[in-house]
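Note that the structure is predicted; figures quoted are calculated from it, not measured.
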Amino acid sequence: MPHIAWLDWFAYIASVVLALSLTMSSIVKLRWYNMLGAAAFSVYGFLIKAYPVGVLNGFIACADIYYLVQIYATKERLHLITVPPGSDYLQCFFKEYRAEITRFFPSFDFRSDGNRLSFYVLRNLMPACVFIGTPGPDGVLEVNLDFVVPAYRDFKPGEFLFIQNRDQFQKRGFRRLLARSHDRQHDAYLLRMGFVPAGQEEGATVFTLETV
């Protein structure tokens with residue numbers, strides 16, 4: 001059978017999608033990309049009459065679909081708990097994710113500070129997000145850290161903290177949250193959480209969120 005240019009390109013694109021799936025830290029994204037790549041390779045296998053390739057990749061795509069349905073059908077439990085000052089777990093968390101925290105929050109001070117407000121967002125009782133903020137004048141809480149672990153970066157922890165539990169900030173007397181971003185990915189995250197741009201400051205984009 002002669003080679004067909006478009007079919008070759010189809011296989012190359014499927015290969016790229018499968019390779020990208022292996023770079024995803026989020027299990028949901030990994031399943032989606034893997035399913036799309038495997039489905040494409042399954043179609044490719046049947047088109048070129050390489051039936052073992054078609055059947056194997058079809059099975060992989062079906063397995064991905066099964067697990068995606070399980071993920072989306074499972075009702076997740078999210079909890080917000082206050083972190084005590086000097087928490088040993090928090091120090092372990094900093095040690096584990098120090099490099100990535102420094103990337104997104106280059107000015108973050110890792111030292112323990114009892115004046116800061118700290119929360120964990122638990123997802124199915126697993127720590128998914130750490131939030132730390134410093135109280136400022138006029139009811140402003142400056143966001144020092146809002147870090148979600150790679151496996152849970154699907155916006156749910158942030159939505160739970162900033163949208164569903166915004167009243168937790170109100171109860172503590174904070175009328176406005178102030179966050180700084182040094183990364184476009186972080187910009188997009190803050191915008192989705194309801195923050196609005198408020199200018200530039202020392203190379204960072206400043207965002208604010210009204211809590212009332």
Visitor: Taking the side chain as every heavy atom from C-beta outward, state whether Y67 and M35 have any atom pair closer than 4.5 Å.
Guide: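 Not in contact.
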Visitor: Apply the side-chain contact (heavy atoms from CB on, under 4.5 Å) test between F207 and each candidate in L178, L191, V196; give the one that qualifies.
Guide: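 Between F207 and the candidates, side-chain contact (heavy atoms from CB on, under 4.5 Å) is satisfied uniquely by L191.
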Visitor: Is there a donor-acceptor contact under 3.5 Å from the side chain of D138 to the main chain of V140?
Guide: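 No; judged by distance alone, with no hydrogens or angles, the pair does not exist.
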Visitor: Report the C-alpha separation of Y72 and L68 in whole Å, then their side-chain angles, then the decisive distance to 0.1 Å, and conclude whether the side chain to side chain contact (heavy atoms under 4.5 Å, CB included) test is met.
Guide: CA-CA 6 Å; Y72 286 111; L68 282 168; 4.1 Å; yes
Visitor: Can you tell if the side chain of L177 reaches within under 4.5 Å of the side chain of T208, non-hydrogen atoms only?
Guide: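 They are not in contact (no side-chain heavy atoms under 4.5 Å apart), so the answer is no.
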Visitor: For atom NZ of K156, is the number of surrounding heavy atoms from other residues, nucleotides or ligands below 6.0 Å larger than 12?
Guide: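 Yes, because the 6.0 Å sphere around NZ of K156 holds more than 12 heavy atoms from other groups.
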Visitor: Working to the nearest 0.5 Å, report the span between NE2 of H186 and CZ of F147.
Guide: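 It comes to 10.5 Å.
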Visitor: For C129 and P157, work out which heavy atoms get closest and say how close.
Guide: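 Reported closest heavy-atom pair: CB-CB, 4.0 Å.
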Visitor: Could you check if a side-chain atom of M24 sits within less than 4.5 angstrom of a side-chain atom of W32, using non-hydrogen atoms only?
Guide: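 No, their side chains stay 4.5 Å or more apart.
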Visitor: Hydrophobic clusters here meaning ILVMFWY residues chained together by side-chain heavy-atom distances under 4.5 Å, can you tell me if L7 and F46 are in one?
Guide: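 In one cluster with L7: F46, no.
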Visitor: Please report the shortest heavy-atom distance between A61 and A39, naming the atom on each side.
Guide: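 Smallest interatomic distance, heavy atoms only, reads CB-N, 3.9 Å.
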Visitor: Surrounding CZ of F155 (heavy atoms of other residues, nucleotides or ligands, distance under 6.0 Å), is the total greater than 12?
Guide: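 Correct, the count exceeds 12.
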Visitor: Report yes if some heavy atom in the side chain of L117 is under 4.5 Å from a heavy atom in the side chain of R172; otherwise report no.
Guide: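 Yes; the side chains approach each other to less than 4.5 Å.
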Visitor: Treating Ile, Leu, Val, Met, Phe, Trp and Tyr as nodes and any side-chain heavy-atom pair under 4.5 angstrom as an edge, say whether L161 and I163 lie in one connected cluster.
Guide: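 Cluster IDs for L161 and I163 differ.
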Visitor: Assess whether side chain to side chain contact (heavy atoms under 4.5 Å, CB included) is satisfied between F10 and V43, documenting all intermediate values.
Guide: CA-CA 10 Å; F10 186 79; V43 171; 4.3 Å; yes
Visitor: Would you say Q91 and K95 make side-chain contact, with heavy atoms under 4.5 Å?
Guide: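 A side-chain contact is absent here, since even the closest heavy-atom pair is not under 4.5 Å.
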Visitor: Looking at F160, F169, F93, F105, which hits ring-ring contact (aromatic ring centres under 6.0 Å, His included) with F131?
Guide: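 Exactly one pass, corresponding to F169.
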Visitor: Rounded to the nearest 0.5 Å, what's the gap from CG on N57 to CG on L18? Could you check?
Guide: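 Output value for this atom pair is 6.5 Å.
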Visitor: Using the rule given for side chain to side chain contact (heavy atoms under 4.5 Å, CB included), can you reason through S181 versus F104, listing the C-alpha separation, both sets of side-chain angles and the distance that settles it, and then say yes or no?
Guide: CA-CA 7 Å; S181 173; F104 289 106; over 6 Å; no
Visitor: Determine the minimum heavy-atom distance between L209 and G194, stating which atoms define it.
Guide: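 For L209 versus G194, the nearest heavy atoms are CD1-O, 3.3 Å.
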Visitor: Say you draw a straight line from OH of Y152 to CG of N124; how long is it, rounded to the nearest 0.5 Å?
Guide: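 Y152 OH to N124 CG: 6.5 Å, rounded to 0.5 Å.
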Visitor: In sequence, state the C-alpha distance, the side-chain angles, and the governing distance for Y189 and D146, and then conclude on side-chain hydrogen bond (donor to acceptor under 3.5 Å, both in side chains).
Guide: CA-CA 11 Å; Y189 165 78; D146 170 29; 2.8 Å; yes
Visitor: Is any side-chain heavy atom of M193 closer than 4.5 Å to a side-chain heavy atom of E159?
Guide: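 They are in side-chain contact.
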Visitor: Would you find more than 12 non-hydrogen atoms of other residues, nucleotides or ligands less than 6.0 Å from E202 atom CD?
Guide: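 No, because the 6.0 Å sphere around CD of E202 holds 12 heavy atoms or fewer from other groups.
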Visitor: For a 4.5 angstrom cut-off between non-hydrogen side-chain atoms, does F94 reach F108?
Guide: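 SC-SC contact between F94 and F108 confirmed.
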Visitor: Taking R153 for its side chain and V148 for its backbone only, find out whether a donor-acceptor pair lies under 3.5 Å.
Guide: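 Side chain of R153 to backbone of V148, a donor-acceptor pair under 3.5 Å: yes, one is there.
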Visitor: Walk me through whether L78 and N165 qualify under side chain to side chain contact (heavy atoms under 4.5 Å, CB included).
Guide: CA-CA 11 Å; L78 292 164; N165 283 278; over 6 Å; no
Visitor: How about D88: does its CG atom have over 12 heavy atoms from other parts shown lying under 6.0 Å from it?
Guide: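 At most 12 heavy atoms, drawn from other residues, nucleotides or ligands, come within 6.0 Å of this atom.
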Visitor: Can you get from I60 to Y66 by hopping between Ile, Leu, Val, Met, Phe, Trp and Tyr side chains that sit under 4.5 Å apart?
Guide: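 Cluster IDs for I60 and Y66 differ.
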Visitor: State the CG-OG1 distance between L145 and T134, to the nearest 0.5 angstrom.
Guide: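 It is 10.5 Å, given to the nearest 0.5 Å.
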Visitor: If you take all heavy atoms of G133 and L141, which pair is closest and at what distance?
Guide: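 For G133 and L141, the tightest heavy-atom pair comes out as C-CD1, 3.5 Å.
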Visitor: Under a 4.5 Å side-chain heavy-atom rule over Ile, Leu, Val, Met, Phe, Trp and Tyr, are L30 and Y33 clustered together?
Guide: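 The answer is yes; both residues are in one hydrophobic cluster.
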Visitor: Decide yes or no for F110 and T102: does some side-chain heavy atom of the first lie under 4.5 Å from some side-chain heavy atom of the second?
Guide: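 Side-chain contact under 4.5 Å: yes.
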Visitor: Run the salt-bridge test on D109 and R116 with the 4.0 Å N-O cut-off and return the result as yes or no.
Guide: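 Between R116 and D109 there is no salt bridge, as every charged N stays at least 4.0 Å from the carboxylate O atoms.
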Visitor: So, taking the atom named OG1 in T82 and the one named OH in Y120, what distance separates them when rounded to the nearest 0.5 Å?
Guide: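 Here the interatomic distance stands at 11.0 Å.
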Visitor: Let me confirm one number: the CZ-OG1 distance from F195 to T205, rounded to the nearest 0.5 Å.
Guide: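 It comes to 13.5 Å.
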Visitor: Mind checking whether V17 and V53 sit in one hydrophobic cluster, side chains of I, L, V, M, F, W, Y counted as touching below 4.5 Å?
Guide: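 Different clusters.
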Visitor: Kindly say whether P84 contributes a backbone atom to a donor-acceptor pair with the side chain of S87 at under 3.5 angstrom?
Guide: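 No; judged by distance alone, with no hydrogens or angles, the pair does not exist.
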